[in-house]
Amino acid sequence: MGPATGLLTAGVAIAVAQLVAAFVGELASPVVAVGEATIDLAPPWLKDFAIREFGAKDKIALLIGIGVLLAIFAVVMGTLSIRRGWVGYAGLAAFGIIGLLAAVTRPTRDALSPLPSILGVFAGGWALRILLRATSAAPKPAMGNPLAFDRRRFLVASVAVGGTAVVTGFGSRIASSATSKAAASRASLRIPKPTDIAPLPSGSGFPVPGLSSFYTPNDSFYRVDTAIIVPKVPAQDWRLRIHGMVDRDTEMDFRQLTSRPLIERDVTLTCVSNPVGGSYIGNARWIGAPLQPILEEAGIHQGATQLVSRSADGFTVGTPTAVLLDGRDAMLAVAMNGEPLPLAHGFPGRMVVPGLSGYVSATKWVVDMELTTFEAYDAYWVQRGWSQQAPIKTQSRIDTPRHGASAKAGTVPIAGVAWAQHRGIEAVQVSVDGGGWQPAKLAMQDTVDTWRLWRYDWDARPGRHILQVRAIDDAGAVQTAQEAPPPPNGATGWHTIPVTVRG
Ligand SMILES: Nc1nc2c(c(=O)[nH]1)N[C@H]1C(S)=C(S)[C@@H](COP(=O)(O)O)O[C@H]1N2
Ligand SMILES: [Mo]
């Protein structure tokens with residue numbers, strides 16, 4: 001009975017907290033707040049490990065971890081509370097205080113943030129009282145089997161409490177989707193036609209099975225961020241403030257942003273955590289307002305070397321001001337592959353800057369830009385040991401054959417992608433078993449800001465082989481063979497894979 005008492009009490013507390021959070025803000029949920037606080041406080045090696053091992057599923061792994069810890073805590077407390085009721089209440093209060101502290105220290109907190117934790121604890125207290133009463137109903141020794149009597153009463157109480165948890169839990173899910181003004185705003189949004197349209201590239205791919213498509217569909221585009229719950233900012237509530245070392249503090253709303261002349265550009269986005277051969281890269285067609293004129297209108301002071309952009313959930317990015325003013329297509333993007341930004345990719349507005357790693361350029365849900373210096377401020381990942389600056393390093397990847405695959409002897413296409421955003425890819429070379437570098441066929445270069453697809457038709461002989469690829473950028477610089485891990489500013493080395501060829 002102890003474990004059930006603990007689990008049911010925790011279940012009701014969490015379900016009620018979730019329901020309240022659906023109304024006062026999902027980020028005020030104690031579970032989410034504790035999860036996000038854990039992400040921010042986790043030591044860098046643990047975060048790097050989580051991104052490396054779980055990728056986009058790192059949040060799910062974290063939530064499962066929190067769930068398991070909570071369940072253990074609930075079972076222990078429930079068991080102790082059968083003997084001493086106060087222990088259960090104390091455990092509940094402790095767990096509420098942790099949730100509350102996390103919720104009120106999040107960058108997204110507001111006056112209502114304590115509510116989910118407080119009401120959750122009260123609901124849990126109610127459940128615990130019912131369950132403890134049912135267990136302590138002293139059976140009269142004379143009345144046959146005392147355990148059966150206990151059990152029935154406890155069962156009724158459990159069903160009542162469990163039912164409350166389940167109904168409230170479902171209610172919170174329905175409420176949170178019904179209260180998502182951001183999803184509604186996205187569904188009804190029409191992005192104005194860009195005034196400057198990029199021609200659709202032709203011949204930018206190859207019909208090789210297993211090779212990436214030139215454009216990465218939104219639903220398979222990699223996602224990296226610190227948010228357990230995607231920030232939900234309706235377009236009509238969005239404001240961008242520009243301040244700091246500027247002549248004029250500026251604020252603009254979404255309508256003002258999208259009534260500016262918009263450009264449409266293909267830009268490949270890359271995460272600094274991408275290991276050699278990894279998948280944290282994608283290419284999309286973006287629509288947005290060029291950032292350079294927006295900054296120039298604000299009047300940037302001499303010496304403002306860093307633009308610190310901040311998201312609705314308090315994440316920060318530091319970008320060199322010089323890069324934003326050098327004429328490249330840095331933009332405040334509002335559309336991705338022909339639709340408003342997906343909620344997970346920064347709706348309603350994000351930064352996109354060709355040539356820089358995501359963590360120093362691609363702020364999603366961006367709401368604030370402060371002009372400052374690199375000496376004055378370290379952005380989120382810089383505080384955690386990554387470099388202040390992170391231009392993209394020339395890289396290439398073999399998409400097919402896959403690592404360890406086996407193929408039939410004969411002509412086997414080796415194909416993949418290569419990237420050196422804002423420099424461009426001039427050549428890609430393939431080496432088999434450490435032999436000479438052979439030139440791969442290149443797809444058309446769309447722009448220097450996108451990746452370039454390549455293929456090499458290999459005359460494969462039976463046996464085990466090692467395939468390697470390297471790229472050469474438009475300046476003639478050859479991708480380095482020197483192996484380096486992602487921290488602190490991006491992995492290097494040649495993607496190398498074993499394959500087996502059958503006779
Ligand atoms: N608000 C916010 N923006 C963010 C991040 C984040 O954690 N929060 N992560 C950055 C990183 S590390 C990368 S690589 C890109 C990834 O963008 P994507 O998820 O759209 O692929 O977003 C950047 N922008
Ligand atoms: Mo990243």
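In listed order, ligands and their atoms are each counted from 1.
- Among Gln421, Gln395, Lys393, the one residue that satisfies the side chain to side chain donor-acceptor pair (under 3.5 Å) test with Thr270 is Gln421.
- Using a 4.0 angstrom heavy-atom cutoff, Arg350 counts as in contact with ligand 1.
- Looking at atom 9 (N) of ligand 1, its nearest protein heavy atom turns out to be Val224 O, 3.2 Å.
- Only the side chain of Ser311 comes within 4.0 Å of ligand 1, counting heavy atoms alone; its backbone N, CA, C and O stay farther away.
- Looking at Cys271 next to ligand 1, no N or O pair under 3.5 Å apart turns up.
- Counting heavy atoms closer than 4.0 Å to ligand 1, residue Val366 contributes nothing at all.
- Checked for salt-bridge contact, Asp225 and Lys364 meet the test: a charged N lies under 4.0 Å from a carboxylate O.
- Salt bridge annotation for Glu370-Arg310: absent, with no cationic side-chain nitrogen under 4.0 angstrom from a carboxylate oxygen.
- Counting heavy atoms under 4.0 Å from ligand 1, residue Phe315 touches it through the side chain alone.
- Near Phe221, meaning under 4.0 Å from one of its heavy atoms, ligand 1 places the atoms 21 (O).
- For ligand 1 and Asp313, the ligand atoms under 4.0 Å from any heavy atom of the residue are 1 (N).
- Closest protein heavy atom to atom 24 (N) of ligand 1: Ala362 O, 3.0 Å.
- Below 30°, between 30° and 60°, or above 60°: for Phe254 and Phe347 the angle between ring planes is between 30° and 60°, a tilted geometry.
- Between Asp266 and Arg285 there is a salt bridge, with a side-chain nitrogen of the basic residue lying less than 4.0 Å from a carboxylate oxygen of the acidic one.
- A tilted orientation is assigned to the rings of Trp451 and Trp419, their planes being inclined by 30° to 60°.
- Within the 4.0 Å heavy-atom criterion, neither part of Tyr280 lies near ligand 1.
- Among the atoms of Lys364, some N or O lies under 3.5 angstrom from an N or O of ligand 1.
- Under the rule for a salt bridge (charged side-chain N to carboxylate O under 4.0 Å, His left out), Glu483 has no partner lying at least two apart in sequence or in another chain.
- Geometrically, Arg350 does not engage Trp365 in a cation-pi contact defined by less than 6.0 Å to the ring centre and at most 45° from the axis.
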Per-pair distances, 0.1 Å, donor-acceptor, side chain in residues 111-120, under 3.5 Å, sequence neighbours excluded:
unit_1 : atom_1 : unit_2 : atom_2 : d
Ser113 : OG     : Asp110 : N      : 2.8
Ser113 : OG     : Asp110 : O      : 3.1
Ser113 : OG     : Asp110 : OD1    : 3.4
Ser117 : OG     : Leu100 : N      : 3.3

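- The shortest N or O to N or O distance between Tyr222 and ligand 1 is under 3.5 Å.
- Proximity of Tyr380 to ligand 1, defined as any heavy-atom pair under 4.0 Å, is not found for any part of the residue.
- Where the criterion is an N or O separation shorter than 3.5 Å, residue side chain and backbone included, Tyr359 fails it with respect to ligand 1.
- An N or O contact shorter than 3.5 Å links His345 to ligand 1 by distance.
- Proximity of a side-chain donor or acceptor of Thr400 to a complementary backbone N or O of Arg402 within less than 3.5 Å is not detected.
- Heavy-atom distances between Val272 and ligand 1 stay at or above 4.0 Å for every pair.
- A salt bridge between Arg260 and Glu297 is present, with a side-chain N of the basic residue lying under 4.0 Å from a carboxylate O of the acidic one.
- Between Thr226 and ligand 1, an N or O atom pair is found at a separation short of 3.5 Å.
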